[in-house]
Engineer: 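Have a look at this one before I ask anything.
Counting starts at 1 for both ligands and their atoms, in listed order.
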Amino acid sequence: MINVFQPSLGDEELAAVQEVFQTSWVGRGSKVDAFERTFAEHLGVDRKQVTSSNSCTEATFLAMELIGLGPGDEVVLPSVSFVGAANAVAARGARPVFCDVDPRTLNPTVADVEACLTPSTKAVLPLHYGGRPGQIAGIAELCRDRGVWLVEDAANAQASSVDGRACGTFGDIGLWSFDWGKIAVAVDGGILYARDPELAARAVQLAYFGMEQTSGYSEAFKAHTRWWEFEVNSFSRRSIMNDMQAAVGVVQLGRLGDFLRRRARIAELYEEALGTVAGIGTPPPLPAGHESSHYMYWVQLDPAIRDLVARDMFDRGIYTTFRYPLLHQVVAYGSSARLPGAERAAARTLLLPMHQALTDDDVAFVAAALEKSVTSRTAQSSAPARG
Ligand SMILES: *Cc1c(COP(=O)(O)O)cnc(C)c1O
């Protein structure tokens, strides 16, 4: 089978893990520090603004706690978003308010977000669909004007930017994932960026039992004669990364540039093969100044045949999928919104395989299979009914 998402893990990552084994320190240590430093550099931010966690979802839960989210508050997020983001809001007793998206980019516009702001809005929590920045600069301006927090779920956007500024750093807090299915992976892991370094320091405490001192024995020793004693300032949990994850992550960040170049080329090859095929819509061109991470590549089809095409592709050994199933239709969130852009996108969009291990032949095979399926399914669905 050709996978939709797939990590590239090899000898270098294995050697890095082995090295950690040999130090006999596999918990949080120098590798986690190196991972945080490397990613801060990659983002172009101060190291003190960045901390890690064991997943992006956990970092999102931390973020909602950091902004003091609670009952009576609302958070605006696109309906085409990850379940963990809505859970992080709802788990604090706050209400997720789902906004619409542009049906072609699957990102919310400034107007989509603005239409959902109320006096109870505490934060806006957008993502960068498939790695495309979308109208993040405008959304950031809107949030500043209205005095609401902007928390960016940048899990799709490890290396996306607008005019050189990294996605995830437009607002107050940015969150990235390094789970197995992302571009650079740490097997599991997350990064939290906070514009305010004090907020980032608070995140460090919340990620480790709410303990005041987190820099190891020497720091603890300064505060207490007995280094095993501690102060707790909130009843928090344990959300930290370990050195085995971070060792893999550091190697992967070193390879990220190569991964991105390959993914950009694959997107080009798909566009060349499919851009002019009748019945297949491809993503609109990126606006000037926008860089995408090319985390996803998708096509848009007639809703009458989309699922049938997915089945045909599966039968030829090619996985396809749709991300993200609409959150406003998940009963537990209690939304009664009608969101025509999101509903339109969800009915037509199909993600094709997109990862750096795909060869040119793989891409040509996927594109040919898609064209064939769309052509034959379209003929069938438009044939007059018989008998
Ligand atoms: C992967 C992903 C997450 C969750 O990341 P984990 O590290 O698996 O918790 C959240 N949001 C988006 C948009 C994602 O793609």
Side-chain angles (χ1 to χ4, degrees), residues 3-7 32 35-36 39 50-65 75-91 96 98-99 101 105-108 123-134 136 139 150-160 166-168 170-171 173-193 203 207 237-242 244-246 248-249 252-253 259 263 292-298 321-327 330 342 345-346 349 351 354-355:
N3 290 322
V4 181
F5 305 111
Q6 186 175 300
V32 172
F35 181 66
E36 292 172 345
F39 200 65
V50 162
T51 187
S52 57
S53 70
N54 52 17
S55 74
C56 178
T57 302
E58 188 61 25
T60 311
F61 274 70
L62 287 180
M64 295 301 106
E65 193 170 344
V75 175
V76 176
L77 70 165
S79 180
V80 183
S81 183
F82 188 66
V83 56
N87 282 354
V89 173
F98 301 109
C99 73
V101 299
T105 63
L106 289 85
N107 266 324
V124 174
L125 176 56
L127 60 87
H128 313 83
Y129 186 81
R132 299 168 67 106
I136 195 61
I139 291 171
L150 173 58
V151 180
E152 294 174 75
D153 176 349
N156 284 191
Q158 288 181 348
S160 304
C167 286
F170 280 82
I173 297 177
L175 309 157
W176 290 263
S177 169
F178 298 88
D179 76 23
W180 68 269
K182 294 306 189 296
I183 304 176
V185 311
V187 186
D188 267 317
I191 286 279
L192 182 150
Y193 152 88
R237 52 198 181 272
R238 185 179 187 280
S239 316
I240 57 170
M241 237 182 152
N242 64 51
M244 288 184 31
Q245 296 168 318
V248 173
Q252 289 268 300
L253 290 180
F259 293 168
R263 297 174 89 102
S292 174
S293 303
H294 299 289
Y295 176 56
M296 297 170 182
Y297 186 87
W298 67 90
T321 191
F322 174 63
R323 293 283 199 282
Y324 297 92
L326 303 180
L327 294 178
V330 174
T349 305
L351 306 198
M354 171 50 99
H355 56 80

Engineer: Just how far is it from atom OH of Tyr324 to atom CE of Met296, taken to the nearest 0.5 Å?
Structural biologist: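 Output value for this atom pair is 3.5 Å.
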
Engineer: Kindly say whether Ser160 contributes a backbone atom to a donor-acceptor pair with the side chain of Ser293 at under 3.5 angstrom?
Structural biologist: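 Indeed, once roles are kept as given, a pair shorter than 3.5 Å links the two residues.
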
Engineer: Taking only distance into account, with no hydrogens and no angle test, what donor-acceptor pairs under 3.5 Å do side-chain atoms of residues 75-84 form with protein atoms, sequence neighbours excluded?
Structural biologist:
unit_1 : atom_1 : unit_2 : atom_2 : d
Ser79  : OG     : Leu327 : N      : 3.1
Ser79  : OG     : His328 : N      : 3.1
Ser79  : OG     : His328 : ND1    : 2.6

Engineer: Where the side chain of Thr51 meets the backbone of Leu192, is there a donor-acceptor pair that is under 3.5 Å apart?
Structural biologist: no

Engineer: If you look at each N/O of ligand 1, which protein N/O atoms lie under 3.5 Å away, and at what distance?
Structural biologist:
unit_1   : atom_1 : unit_2 : atom_2 : d
ligand 1 : 5 (O)  : Ser177 : OG     : 3.2
ligand 1 : 7 (O)  : Cys56  : N      : 2.9
ligand 1 : 7 (O)  : Ser177 : OG     : 2.7
ligand 1 : 8 (O)  : Asp179 : OD2    : 2.6
ligand 1 : 9 (O)  : Cys56  : N      : 3.4
ligand 1 : 9 (O)  : Thr57  : N      : 2.9
ligand 1 : 9 (O)  : Thr57  : OG1    : 2.6
ligand 1 : 11 (N) : Asp153 : OD1    : 3.3
ligand 1 : 11 (N) : Asp153 : OD2    : 2.7
ligand 1 : 15 (O) : Asn156 : ND2    : 2.9
ligand 1 : 15 (O) : Lys182 : NZ     : 3.1
ligand 1 : 15 (O) : Tyr324 : OH     : 2.9

Engineer: Counting only N and O atoms by type, is there a donor-acceptor contact under 3.5 Å from the side chain of Asn107 to the main-chain atoms of Tyr129?
Structural biologist: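 Confirmed, Asn107 side chain pairs with Tyr129 backbone.
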
Engineer: Does Glu152 reach the main-chain N or O of Gly174 with its side chain, forming a donor-acceptor pair under 3.5 Å?
Structural biologist: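 Side chain of Glu152 to backbone of Gly174: no pair is present.
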
